Amino acid sequence: MSYQEKKHLVNGIGSLLLFAVYCWFVLQRHEAGSFDSTASFRFWAAAILILIPLSIAAKIILTILFNIVYRMTDREKEPSFSDERDKLIGLKATRNSHYAFVLGFLLSLGSLILNAEPSAMFVMLMFAGVASELVGAFTQLYLYRKGF
Amino acid sequence: MVKLSVHNHIRKLRFDRDEMTQQQLAEKVGVTRQTIVAIEKGNYSPSLELAFRIALVFGSPLEEVFYIELPEA
């Protein structure tokens with residue numbers, strides 16, 4: 001496995017783990033409190049807004065740790081720049097990632113039309129965000145492995 | 001439209017140039033070593049500019065470095 005393949009695999013698994021742990025905390029807090037509809041909106045909005053900087057910080061820490069481990073185990077320095085292939089793969093991954101998010105966004109709006117709880121829309125939005133991140137990471141992994 | 005598969009003689013050309021390493025070639029053309037690996041394996045078709053850069057490093061015409069296999073009719 002090349003540096004990029006390992007990096008995107010670690011990123012994907014890291015995002016998944018972070019989201020699972022975060023969901024567990026959020027659901028615990030949600031079950032502990034009783035919310036009226038306004039408080040419920042505030043709770044889920046805060047849950048999404050906190051997840052964004054948390055996932056960015058986790059990604060930075062994960063990248064630093066991964067680079068340290070990669071240098072120690074593979075005895076090779078990580079590439080210091082992105083070349084044309086990296087940029088092309090990045091663009092394709094971003095496109096797929098956007099498709100995944102738009103699909104999740106539309107489904108979350110659809111849930112409101114089908115008279116689902118407003119909190120369901122927020123949960124679906126959160127899932128769409130993580131799903132789009134995973135689609136991006138695994139698209140990159142796939143393209144680095146298979147080529148194009 | 002049939003997708004043409006682009007192949008290359010980079011491995012042989014590197015061998016002929018005092019066993020130039022993939023890293024050395026990558027540095028000369030300004031890409032990462034992983035991209036050279038992908039090109040050699042046929043997993044990535046480089047841009048026209050990069051293809052010319054690689055040919056220039058070997059001092060060979062483009063068609064001596066890269067070639068296509070036409071699908072049988």
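As the structure is a computational prediction, the values presented were derived from the model and not from experiment. Just so it is clear, the values below take in all heavy atoms, side chains as well, and ignore hydrogens, waters and symmetry mates.
Proximity to chain B is limited to the side chain of A:Leu88, based on heavy atoms less than 4.5 angstrom apart. Using a 4.5 Å cut-off between heavy atoms, A:Glu5 makes no contact with chain B at all. Neither the backbone nor the side chain of A:Tyr144 has a heavy atom closer than 4.5 Å to any heavy atom of chain B.
Taking every heavy atom of both residues into account, B:Asn43 and A:Lys146 meet most closely at OD1-O, 3.6 Å. Between B:Ser47 and A:Glu84, the closest heavy-atom pair is OG-OE1, 2.6 Å.
Here the OG1 atom belonging to B:Thr32 is positioned 5.5 Å from the CD atom belonging to A:Gln4, to the nearest 0.5 angstrom. Rounding to the nearest 0.5 Å places OH of B:Tyr44 at 7.0 Å from CG of A:Asp83.
Note on B:Glu49, B:Gln34, B:Lys41, B:Arg33: by heavy-atom pairs under 4.5 Å with chain A, the leading option is B:Gln34.
Dense packing is recorded around OH of A:Tyr70, with more than 12 heavy atoms of other residues, nucleotides or ligands lying under 6.0 Å away. The number of heavy atoms from other shown groups lying within 6.0 Å of CZ (B:Arg17) is above 12. A 6.0 Å sphere centred on CD of B:Gln23 holds more than 12 heavy atoms belonging to other residues, nucleotides or ligands. By the 6.0 Å contact criterion, CZ on A:Phe127 is open, its count of non-hydrogen atoms from other residues, nucleotides or ligands being 12 or less. Heavy atoms of other residues, nucleotides or ligands lying less than 6.0 angstrom from NZ of A:Lys6 number more than 12. For A:Phe25, the CZ atom sits in a loose shell: 12 or fewer heavy atoms of surrounding residues, nucleotides or ligands are nearer than 6.0 Å.
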